[in-house]
Amino acid sequence: MPAFPEIDSLNPAQRDAVLHSGGPLLILAGAGSGKTRVITVKIAYLIRELGISPQSILAVTFTNKAAGEMRARAAAIEPAAHEVMIRTFHSFGAWLLRRNADAAGLDRNFSIYDDDDTISLLRTIFEDEHRGTLATYARLISRAKDYALRPADDLSIVSPDPEFDGIYRAYQERLDQIGNVDFGDLILKPVELLRESDAIRTRVRQRYRYILVDEYQDSNVAQYELLKSLFDESTYVCVVGDDDQSIYRFRGAEVRNILTFSESFPGTTVVKLEQNYRSTGPILDVASAVVKNNSGRLGKTLWTDRTGGMEPTLALLRDQEEEVEYCLRLLRHSPRETAILYRTNAQSRLFETALTRENIAYRIVGSLRFYDREEVKDALSTLKLIANPRDEVSFRRIINKPARGIGSKSVASIVSRLPDARGDCLIAAEAAIGSLPKKAGHSARRFLDVVQEARGSLGSGRLNEFSEQLIRQLGIWEHHEKNDDEITARTKIENLEEFVNAASLYRADTDGLAEFLELIELDRSREADEIADAKVTLITMHNTKGLEFDRVIVTGLEEGPFPRAGDEDPDEIEEERRLFYVAVTRARDELYLTSVSYRRLHGRPMDYVPSRFVGEIPRDLIQISGDLPGPSGGQIDEYPVGSFIYHDDYGTGAITKSWHNGSELVVQVQFENGRVARFLPKYTSLERVAGDVD
DNA sequence: GTCAGAAGGTTTTTT
DNA sequence: ACCTTCTGAC
């Protein structure tokens, strides 16, 4: 056997996973267990050692970033891995549909509609509905597609509304009629195509003999069906995931896919990767102590040979200001790489303000995405219309932007001609010009001239020059440049420049345009302003998946914010607990948890008690700073309702209520100053006093 | 068409 | 608190 040194550097479980062949393989890969290394070595091994053709391997990920990383790392080991089909589920679906556009009933140049576009399309059907209602429809339709449901199916798990199937049907008919797709269709239509066309199904199955799926715990029902339709008995299938890190239920991820994989794919071998190479032992102990409270688990226990390391710290603080100050103190004390994690984006604000004030460079991940910005979407829409004149949503977005006198009546007149124009918006506009009011007709003429000239000039040059000229001629550039607010105007122009710059990698021809559009339609994750050298990262817990940091501060650990209050659906609580697990296992060396007792929510002040997840950490695994530990034991009869206590900050109060929250005793106190607060006596010093409060 | 003020709403997010 | 969306007046 030729040398394959990468294998020697693997631990026994990793090696088993790489060398496995035959039936289906489920790799349960704990956080930080070298999962990507295993997949990439496996791809290289298939090609180099087993002589598998790279073209017959399909590797599927959930994000473009993950796909890019996988490709780079596999190719670093075995250059032929460049030929492997490594794509996201959606990008693979788009690829399949474009290659089989006729059979799928689509135009080869179909546009891909995001949530915003979906709402715009719904607006054309339900003209008088509120935007919020349309957004709800869009969400439900998207969820239905996650579950691989069409209007004719039983939609009750998505919405109890008996009208919903009609709404979904009307939307889908409209979308099919204009020949475009939304994200859900990128998965569902390939499933339908493979079901209906024997020839395509056979061809695709013959091509992909080896299928690998990453982050399988985040797959939804439709993606499971797509995997099933690519699979036959002779296909080698390997999925990698961690049931403890399934955190996308709200957008249709089905943790059951991974929990029941062995039943769906009989003969499955399970390999568990449990050795963690990232975190210290004490950090893993905290993570394990909490996640073990979940019931729906396949069960694995992370371990590490990184002995020692500092004990994680829990800081019980009064309010958000103290929480911010606590983080700043840590940063000043040792300015090492640090991530400040929170449950919702809204919680980032105070940290941003403080870091700016202290002149500490930081990077914020998430917030407003580049391709969601108004000006960028405008530019994008013009290119989409150039590529695909049947893209009615894009046409509507830009036909009267900037305002050029083509009002709603004129637009209605144009789109009423779409059926006769076979859906081509440019032909319909051409036909409508004569009947439009003078100003509208004149503007439409000029708009069409610019667009047609641009279409005619496709074929030479670079796409950046093409795009810039087009959006300047259409007045979009000037429109944003003239924004009342100088700073806003500058930002918008910078964003347009960045958009144009991104296009410079492509040729200004039909193929280059299509490639560029598909890239940005399917990869919206790009951040507008990266600060490369920042040592501090502000990020939601969800966004940290796959990342790691020397020091992690998990903030906002209060009942209400986290786990999020609402229905006490046990599945929901388990999902939040997994999110806690993901957050904690990002830390390499240092872990801090903060919990405040007072926080403003939507401007309203609220009292909070520490998150139940904090209560699930045994006391000997964590150091507590802030309030002094309370009396040990925490027996409910030590705090009978009606007795009086004294609190350092709030003064004297009467206990009005006490109960157990999970394993923790909670007491509610009515203070003399009128405030009502809840405490965990385990953590907060409540001194019993003989009392009269008068 | 534009703008100011009211009203509404508010997890998490990739594709 | 803050941001987006809707509204009515000009």
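Note that the structure is a prediction, hence the values are computed from the model and not measured. Sequence lines set the chain letters: A, B, ... in the order given, protein chains first and strands last, and positions in each chain run from 1.
Looking at Arg343(A), its side chain comes within 3.5 Å of the base of dT12(B) through a donor and an acceptor atom.
Distance Leu579(A) CG to dT13(B) C1': 12 Å, rounded to the nearest Å. Rounded to whole Å, atom C1' of dT13(B) lies 13 Å from atom CG of Asn220(A). A straight line from OH of Tyr248(A) to P of dT15(B) spans 10 Å, rounded to a whole angstrom. When rounded to the nearest whole Å, the span between CD of Glu521(A) and P of dT14(B) equals 17 Å. Distance, Arg349(A) CZ to dA1(C) C1': 8 Å, rounded to whole Å. Per the geometry, CG belonging to Asp115(A) stands 12 Å off P belonging to dT15(B), to the nearest Å. Per the geometry, CG belonging to Asn345(A) stands 5 Å off P belonging to dT12(B), to the nearest Å. Atoms OH (Tyr342(A)) and P (dT11(B)) sit 16 Å apart, rounded to a whole Å.
The aromatic ring of His602(A) sits over the base of dT10(B), with ring centres less than 5.5 Å apart and planes inclined by under 30°.
Between Asn543(A) and the phosphate of dT13(B), there is a side-chain N or O to OP1/OP2 separation shorter than 4.0 Å. Phosphate contact (OP1/OP2 of dT13(B), side-chain N/O of Arg251(A), threshold under 4.0 Å): absent.
Nearest-nucleotide positions on DNA chain B for Leu522(A) and Phe250(A) put Phe250(A) closer to the 5' end.
Ring geometry for Phe562(A) against Phe613(A) counts as perpendicular: the plane angle is over 60°, on a 0 to 90° scale with 30° as the lower cut.
Side-chain atoms of Arg73(A) do not come within 3.5 Å of backbone N or O of Thr40(A) as any donor-acceptor pair.
Screening Tyr342(A), Tyr248(A), Phe580(A) for a ring-ring contact (aromatic ring centres under 6.0 Å, His included) with His542(A), the sole residue that qualifies is Tyr248(A).
Side-chain contact, Tyr171(A) with Asp182(A): a donor N or O sits under 3.5 Å from an acceptor N or O.
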